[in-house]
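Okay, so here's the structure we're looking at.
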Amino acid sequence: MPVICVNPSDELDVKLLESLNEQNQDVRVFVSDSTPKETSEQFIGKKATGDLKDDSHISTASSGAYCGVFLESDYESQRTTFLEAIKNSSLKRIIWTSPFEPSEEITSIDNLIYIFYSEKNEALEVILDYEDKDEVKSQIINLVN
């Protein structure tokens, strides 16, 4: 089923997108317009480039996708934007990865897997596992402790 990856930004995300593409062959990507061109050109999938502070850009780009993989980076201000984008989207499964502990507002979203990590590379296998499952229950996966 189609998956959109929101906010890929580095070489680890290149590997994630390659693996997602092997798994389901329908990968979409929402890339920040501030991502270096050399990096974004490596991302596999149908690309939309836009403002990561505009939830309508993200929710529009996710139209038709079943699963949304939200890669929260090093600043928590993305949370508000991601939450609004998810609320305004038709996504059926959410995989949210973050170096920050989850808030109650995030964990109240149905069909959400929250991956809390200290090392981003640890989250990649978990993302692939949950994206590929037929059914999931909302949960928090703590890779920090």
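Keep in mind the model is a prediction, meaning the values are calculated, not measured.
Partners of Leu17 under the side-chain contact (heavy atoms from CB on, under 4.5 Å) rule, at least two apart in sequence or in another chain, are Cys5, Pro8, Leu20, Val27, Val29, Phe43. Remark: Ser62 engages no residue in a side-chain hydrogen bond (donor to acceptor under 3.5 Å, both in side chains) (not counting sequence neighbours). When the side-chain hydrogen bond (donor to acceptor under 3.5 Å, both in side chains) test is applied to Asp129, no partner is found at least two apart in sequence or on another chain. Glu105 is linked by a side-chain contact (heavy atoms from CB on, under 4.5 Å) to Leu83, Lys87, Ser103, counting only residues two or more places apart in sequence or in another chain. By the side-chain contact (heavy atoms from CB on, under 4.5 Å) test, Ser90 pairs with no residue at all, sequence neighbours left out. Evaluation of the ring-ring contact (aromatic ring centres under 6.0 Å, His included) rule for Phe30 yields no partner, not counting sequence neighbours. Considering only residues two or more places apart in sequence or on other chains, Arg93 meets the side-chain hydrogen bond (donor to acceptor under 3.5 Å, both in side chains) condition with none of them. In this view, Ser32 and Ser34 satisfy the side-chain hydrogen bond (donor to acceptor under 3.5 Å, both in side chains) rule, not counting sequence neighbours.
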Inset, instruction - Apply side chain to side chain donor-acceptor pair (under 3.5 Å) to the pair Glu72 and Asn7, showing each step before the final yes or no. - result: CA-CA 7 Å; Glu72 186 175 20; Asn7 194 29; over 6 Å; no

Legend entry - Trace of the side-chain contact (heavy atoms from CB on, under 4.5 Å) decision for Asp26 with Val3: CA-CA 6 Å; Asp26 192 354; Val3 60; over 6 Å; no

Legend entry - side-chain contact (heavy atoms from CB on, under 4.5 Å) between Leu71 and Val6, intermediate numbers included: CA-CA 6 Å; Leu71 305 170; Val6 178; over 6 Å; no

Legend entry - Candidate pair Tyr114 and Thr107, rule side chain to side chain donor-acceptor pair (under 3.5 Å), full reasoning: CA-CA 7 Å; Tyr114 190 92; Thr107 58; over 6 Å; no

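Between the side chain of Thr60 and the main chain of Ser56, a donor-acceptor pair closer than 3.5 Å is present. With Ser19 contributing its side chain and Lys15 its backbone, the two residues share a donor-acceptor pair below 3.5 Å.
The line from CD of Gln25 to CD of Gln23 is 10.5 Å long, rounded to the nearest 0.5 Å. Residue Phe82 holds its CZ atom at 12.5 Å from OG of Ser59, rounded to the nearest 0.5 Å.
Leu91 and Tyr66 are members of different hydrophobic clusters when ILVMFWY side chains are connected at heavy-atom separations under 4.5 Å. Cluster membership check: Leu12 shares its hydrophobic cluster with Leu16, using side-chain heavy-atom separations under 4.5 Å among Ile, Leu, Val, Met, Phe, Trp and Tyr.
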What donor-acceptor contacts under 3.5 angstrom involve side-chain atoms of residues 134-143, with partners at least two apart or in another chain?
{"residue": "Ser138", "atom": "OG", "partner": "Asn111", "partner atom": "N", "Å": "2.9"}
{"residue": "Ser138", "atom": "OG", "partner": "Leu112", "partner atom": "N", "Å": "3.1"}
{"residue": "Gln139", "atom": "NE2", "partner": "Tyr130", "partner atom": "OH", "Å": "3.2"}
{"residue": "Asn142", "atom": "OD1", "partner": "Val144", "partner atom": "N", "Å": "2.8"}
{"residue": "Asn142", "atom": "OD1", "partner": "Asn145", "partner atom": "N", "Å": "3.1"}

Below 3.5 Å, can you tabulate the donor-acceptor pairs from side chains in residues 120-128 to any protein atom, sequence neighbours excluded?
{"residue": "Lys120", "atom": "NZ", "partner": "Asp10", "partner atom": "OD1", "Å": "3.4"}
{"residue": "Lys120", "atom": "NZ", "partner": "Asp10", "partner atom": "OD2", "Å": "3.2"}
{"residue": "Lys120", "atom": "NZ", "partner": "Asp13", "partner atom": "OD1", "Å": "3.0"}
{"residue": "Lys120", "atom": "NZ", "partner": "Asp13", "partner atom": "OD2", "Å": "2.8"}

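Put simply, the side chain of Ile86 reaches to within 4.5 Å of the side chain of Ile109, judged on heavy atoms. Between Ile113 and Ile94, every side-chain heavy-atom pair lies at or beyond the 4.5 Å cut-off. Between Gln78 and Phe70 the shortest side-chain heavy-atom distance does not fall below 4.5 Å.
Here the closest non-hydrogen pair linking Gly64 and Arg28 is C-NH1, 3.4 Å.
For residues 41-51, every residue pair satisfying the side chain to side chain donor-acceptor pair (under 3.5 Å) rule, not counting sequence neighbours, is listed here: Glu11-Gln42.
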